[in-house]
Amino acid sequence: MINSKDANITDDGYIEIAGWVHEIRDLGGIRFLLVRTRDDIIQVTFSKRKVSGELIEKVKTISRESVIHVKGRISKDERAPNGFEVIPNIVDILSVAESPLPLDPTDKVVAELDTRLDNRFLDMRRPKVKSIFMIRGLVVRAIRDFLYGKNFVEVTTPKIVATATEGGTALFPISYFDREAFLNQSPQLYKQILMSSGFERVLEIGPIFRAEEHSTRKHLNEATSIDVEVSYVDDSEVMKLLEELIIYIYEYINVNADKYLKTIGIDLKIPTRPFRQISYEEAIEIVDLKWGDDFGSLEEKKLGNEIGEHYFIKEWPLKLKPYYTMPLEKKGKTEILSKSFDLMHPRVELASGSQRINDYALLKKQMELRGLNPDNFSFYLDAFRYGMPPHAGWGLGLDRLVMTMLDLDNVREAVMFPRDRRRLIP
RNA sequence: GCCCGGGUGGUGUAGUGGCCUAUCAUGCGGCCCUGUCGAGGCCGCGACUCGGGUUCAAAUCCCGACCUGGGCGCCA
C-alpha cells in the first residue's frame, strides 16, 4: 500500500509513489514528470540513457492530472527540485484525466472563485488550497486537544428542530414527515440543557444554519460552530478560556503546520495575551454611536482599525443580546447591561458568549419581554425547573477563525463546499 | 431586501459603434530540443451568456432574462 505520506523508501534505495501528474516538461531526450501526492511534488525523470524506450513511449501518452503509480530508484541530484529525483522502472497509469482541465492546478492562470468552487475537487488539488484544509483539520484537532485536556466532553445535538433557538436570525424550514421543522441556528438551547444534566463542560463542533439572504465575504448559510458551555463559572472565566484556546490554536498551527503555512505564504503572528477588553460603552464612544445602537459594518471596521488585534467587547446592553443572557447591574448605571461579550478580530466578529440565566422565573420573564411564547420552549425551560447550575459559554465560528488566521479574502476560501445564498452545488 | 459593478476560446484577459476575419497569456495538437524547475523555439486549434430592440453597421448602445463580483442592511 502506498501511503501518500508520500513515499515508501526501501533500504535498497527504491521508492514507490502514487499521485497526479502535476506537470510534464519534455525536453526531447529527457522528460520530467512532476508527480503530486497529498503533501509533496516529486520529480520523476525519464532520460533515454537510463529508462527503457518502451517506458518512454508509454509515458508520452499520459495527460496532466492523470493518476499514476511509479516504482523506481531514488537518485540524489542537485539539479532536481528537492535534491532528489526518481529514475523509474515501472509506471502504471491508474486513471486517465480528460483534457482540457476546467482549471489549472499549477497556478499559472488563477481561476475566479466561482469557477474554482464549481470545480472544487480540482481546485483543492492545488497545494495552496489543500494547505488551507490541512490546516483547518489541524485547527479542529488543536481545539479537541486543548478542551479534552481541560476535561470537556464532546457532544452532538440535533440539527433538526421544532422551534427557533434565539430569534433574530431567519431559519430554513424543512418538511419533517407531516410537520414543519427547521434547521438549527445554534446548539445553544441543547448545550444549556446538558448543564442541567450534569455534564459540566461540553464541547460541540457542528454545523449551524442561517437563512439570511446576505451575500458578503464573511457570511455563509451553513457554518461550522465551536460551542462550549461550562457549569459553575461566570462570563469572565469563559472569556479567559476562549482567549487561551485561540492562543493554543495559533501556537499549535505554528508548530505543526509549518509546511502548510509556507505553502500558503503566511507568517503566522501569534496574538498577544491578554486580549484587550473594552466595554460596550467605551466602544460606542470610539465609533460615535448612541447607547443602545448595535455596530454596523462601518463601525466594526473602525473599531478593528483602531485596536488592530484581537479584542473583546463586553457588558453589552441586555436588549442587544438574546433572552438567555444574564443581566448585569452596575453601580451608578441606570441602563441594564449584561454579562456578555463578543470576541473580535479586526476584520470580523469571531465569537460571542455570556453567562446564562439559570433562574427559571427570570428566564421565562426575559422570553416574554421579547415577545416569545414560553410554551413553545417548554423542552428547554423545564430543564431550569429542577436544579440548573449557574453556567456560561460561547460559540466560535470555525470558518471565520480559519479565514482570519490565514488572511483569506473570503470565508468561502475556508470552507470546502460553501453554502451561500446562491450556491447549493457542489 | 437595497445599491453599484461584471459576463469574450477550457482558464484568465484586451477590446466601449466600422480599424474585429477579436488581443495577449495559459492550455491543447504537431515539430525541434538530454537538466527542466513559470523550460525554450516554430506552426496550428479554440471564444463575444441568451432573447428582443436601435443602426447602413453591434462584442461595443438600449430593454428583459439568466449567471456572477462587491458594498450596505440583516446576521454570527
Side-chain angles (χ1 to χ4, degrees), chain A residues 22-34 41-51 56 60-61 63-65 75 77-83 85 87 97-119 122-123 126 164-171 185-188 207-227 294-301 313 320-322 342-345 347-353 394-401 403-404 409-412 420-423:
Chain A
H22 187 67
E23 271 187 80
I24 302 165
R25 297 206 188 95
D26 180 7
L27 276 66
I30 188 165
R31 174 185 294 256
F32 302 101
L33 249 62
L34 302 185
I41 293 174
I42 295 167
Q43 175 162 294
V44 182
T45 304
F46 300 80
S47 76
K48 278 185 179 158
R49 278 205 293 271
K50 294 177 183 167
V51 174
I56 285 174
K60 276 187 183 169
T61 65
S63 56
R64 285 165 76 229
E65 294 304 313
S75 163
D77 194 320
E78 298 210 338
R79 293 170 298 183
N82 299 315
E85 62 192 4
I87 310 301
E98 290 177 25
S99 180
L101 299 162
L103 55 82
D104 175 18
T106 63
D107 283 350
K108 279 177 194 148
V109 179
V110 179
E112 290 193 346
L113 186 57
D114 193 52
T115 307
R116 292 174 42 207
L117 292 175
D118 280 340
N119 301 283
L122 248 184
D123 185 47
R126 296 166 55 212
T165 299
E166 353 189 330
T169 196
L171 301 185
Q185 72 187 91
S186 144
Q188 182 64 30
I208 56 172
F209 305 91
R210 310 278 163 103
E212 297 294 337
E213 295 196 20
H214 32 221
S215 39
T216 74
R217 292 180 296 171
K218 58 186 182 185
H219 289 95
L220 292 168
N221 295 295
E222 179 181 302
T224 301
S225 178
I226 315 296
D227 268 273
D294 205 346
F295 306 99
S297 305
L298 291 173
E299 289 81 23
E300 247 181 39
K301 225 169 272 171
I313 304 175
L320 289 182
K321 287 290 170 184
D342 282 3
L343 172 64
M344 308 295 297
H345 179 275
R347 281 176 65 189
V348 71
E349 178 185 339
L350 290 179
S352 65
W394 41 255
L396 165 67
L398 176 63
D399 318 296
R400 285 184 175 185
L401 176 66
M403 169 179 79
T404 53
D409 287 341
N410 193 314
V411 71
R412 291 166 181 79
D420 62 34
R421 185 174 165 186
R422 292 174 176 129
R423 185 171 289 279

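The figures that follow rest on heavy atoms only: side chains count, while hydrogens, waters and symmetry mates do not. In what follows, every chain begins at residue 1, and chains take the letters A, B, ... in the order their sequences are listed.
Figure legend. B:C28 is base-paired to B:G44; pairs are counted as Watson-Crick or G-U wobble with both atom distances under 3.5 Å. The partner of B:C72, taking Watson-Crick or G-U wobble pairs whose two distances both stay under 3.5 Å, is B:G1. Nucleotide B:C33: unpaired (no Watson-Crick or G-U wobble partner with both distances less than 3.5 Å).
Between A:Glu213 atom CD and B:C2 atom P the separation is 10 Å, expressed in whole Å. Rounded to an integer number of Å, the gap from A:Leu320 CG to B:C74 C1' is 14 Å. Rounded to whole Å, the distance from CZ on A:Arg49 to P on B:G35 is 9 Å. Rounded to whole Å, the distance from NZ on A:Lys218 to C1' on B:C72 is 10 Å. Taking atom NZ of residue A:Lys48 and atom P of nucleotide B:C33, one finds them 8 Å apart after rounding to whole Å. Across the protein-nucleic acid pair, A:Asp114 atom CG and B:G70 atom P stand 10 Å apart, rounded to whole Å. The distance from atom CG of A:Asp118 to atom P of B:G69 is 10 Å, rounded to the nearest whole Å. Counting to the nearest Å, the P atom of B:C74 and the CG atom of A:Asp420 are 20 Å from each other.
Looking at the side chain of A:Thr45, the nearest of the listed nucleotides B:U68, B:G35, B:U26 is B:G35. For A:Arg210, whose side chain is taken as the heavy atoms from C-beta onward, the closest listed nucleotide among B:G69, B:G73, B:C75 is B:C75. Counting only heavy atoms from C-beta on, A:Lys108 has its side chain closest to B:A39 among B:C33, B:U34, B:A39. Residue A:Arg25 places its side chain closer to B:U36 than to any other of B:G73, B:G12, B:U36. Among the nucleotides B:U26, B:U36, B:G27, the one closest to the side chain of A:Pro100 is B:G27. Checking B:A39, B:G10, B:G71 against every side-chain atom of A:Thr216, the shortest atom distance belongs to B:G71. With B:C74, B:U34, B:G71 as the candidates, the nucleotide lying closest to the side chain of A:Glu212 is B:C74.
Checking A:Val110 against A:Glu299, the closest nucleotide of RNA chain B that is more toward the 5' end is the one next to A:Val110.
Nucleotides B:G5 and B:G10 place their P atoms 28 Å apart, quoted to the nearest Å. Remark: the separation of the C1' atoms in B:G35 and B:C28 is 25 Å, to the nearest Å. With both ends at atom P, the span from B:G15 to B:C67 equals 27 Å, rounded to whole Å.
Among A:Thr106, A:Asp107, A:Asp104, the single residue meeting the side chain to side chain contact (heavy atoms under 4.5 Å, CB included) criterion with A:Arg126 is A:Asp107. Results of the side chain to side chain contact (heavy atoms under 4.5 Å, CB included) test with A:Asp420 over A:Val411, A:Leu117, A:Asn221 single out A:Asn221 as the only residue that passes.
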